[in-house]
Amino acid sequence: ILNVEQSPQSLHVQEGDSTNFTCSFPSSNFYALHWYRWETAKSPEALFVMTLNGDEKKKGRISATLNTKEGYSYLYIKGSQPEDSATYLCALSNTGNQFYFGTGTSLTVIP
Amino acid sequence: DVKVTQSSRYLVKRTGEKVFLECVQDMDHENMFWYRQDPGLGLRLIYFSYDVKMKEKGDIPEGYSVSREKKERFSLILESASTNQTSMYLCASRVLGGGRGYTFGSGTRLTVV
């Protein structure tokens, strides 16, 4: 079992604040890094898939970066809104086609 | 709109009952998975299946079994439910091969009393 770590475990931010959180992973046998957003009572929704060192992806106010050499990815949310409140999961897929999920970061945006 | 459907959103069962959690996907995906999610522990893989009638143990298979008689349906079975199986159960599917991501169901919150 590979250890994929996310930090912080939870955070509360005010509406309008920007925030970021981290996913750390072992870089051996890396294939792809996935970010998901999981809102209460809904299915986890795929946000980004990144495969190359230095990749940056953006979707609206949310963006992500990837550093495969040092084994981390950052997720950024600019100008947080209450609808951004969710658990954000990262997952590592390796060359053996196995997936390893982090424990998630629970974000609450306070209006 | 492709989807993974879990038959129940909430379930309450008694200790010792046999429990079936059903999952159906309409994307013709080969791979299907059952996870449970507990606070502070993240998603933990229970069982997965690469094809019809095939099943593989995940990281925490004890107390569970699965059935995949048809490609679109993957069932998780709790042979004799216990209180430590109270959890959120997520079903997921994906295409075979590569690092493509999952499509998830919306989860079943199971409480064993």
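In the text below, chain A, chain B and the rest are named by the order of the sequence lines, each starting its count at 1.
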Enquirer: Establish, from distance only, whether the side-chain atoms of B:Y47 and B:Y35 form a donor-acceptor pair under 3.5 Å.
Expert: no
Enquirer: Do the numbers put B:R94 on top of the ring of B:Y102, so that NZ or CZ is under 6.0 Å from the six-membered ring centre and no more than 45° off the axis?
Expert: yes
Enquirer: So B:S87 and B:D38, side chain to side chain donor-acceptor pair (under 3.5 Å) or not? Walk me through it.
Expert: CA-CA 6 Å; B:S87 186; B:D38 300 287; 2.8 Å; yes
Enquirer: Check this for me: does any side-chain nitrogen of one of A:K57 and A:D55 sit under 4.0 Å from a carboxylate oxygen of the other?
Expert: no
Enquirer: Do we see a donor-acceptor contact under 3.5 Å between the side chains of A:T105 and A:Q9?
Expert: no
Enquirer: Around atom NZ of B:K71, are there more than 12 heavy atoms from other residues, nucleotides or ligands closer than 6.0 Å?
Expert: yes
Enquirer: Let me know if B:R9 has heavy atoms under 4.5 Å from chain A in its side chain, its backbone, both or neither.
Expert: side chain
Enquirer: B:G40, B:G42, B:S106: which one forms the most heavy-atom pairs within less than 4.5 Å of chain A?
Expert: B:S106
Enquirer: So which part of B:L90 gets closer than 4.5 Å to some heavy atom of chain A, the side chain, the backbone, both or neither?
Expert: side chain
Enquirer: Looking only at heavy atoms and a cut-off of under 4.5 Å, which of A:A91, A:G104, A:S43 has the most pairs with chain B?
Expert: A:S43
Enquirer: In terms of heavy-atom proximity below 4.5 Å to chain A, should B:L43 be classed as side chain, backbone, both, or neither?
Expert: both
Enquirer: Heavy-atom pairs under 4.5 Å with chain B: which of A:P44, A:S10, A:G102, A:A46 has the most?
Expert: A:P44
Enquirer: Report which part of B:Q37 has an atom under 4.5 Å of a heavy atom belonging to chain A: side chain, backbone, both, or neither.
Expert: side chain
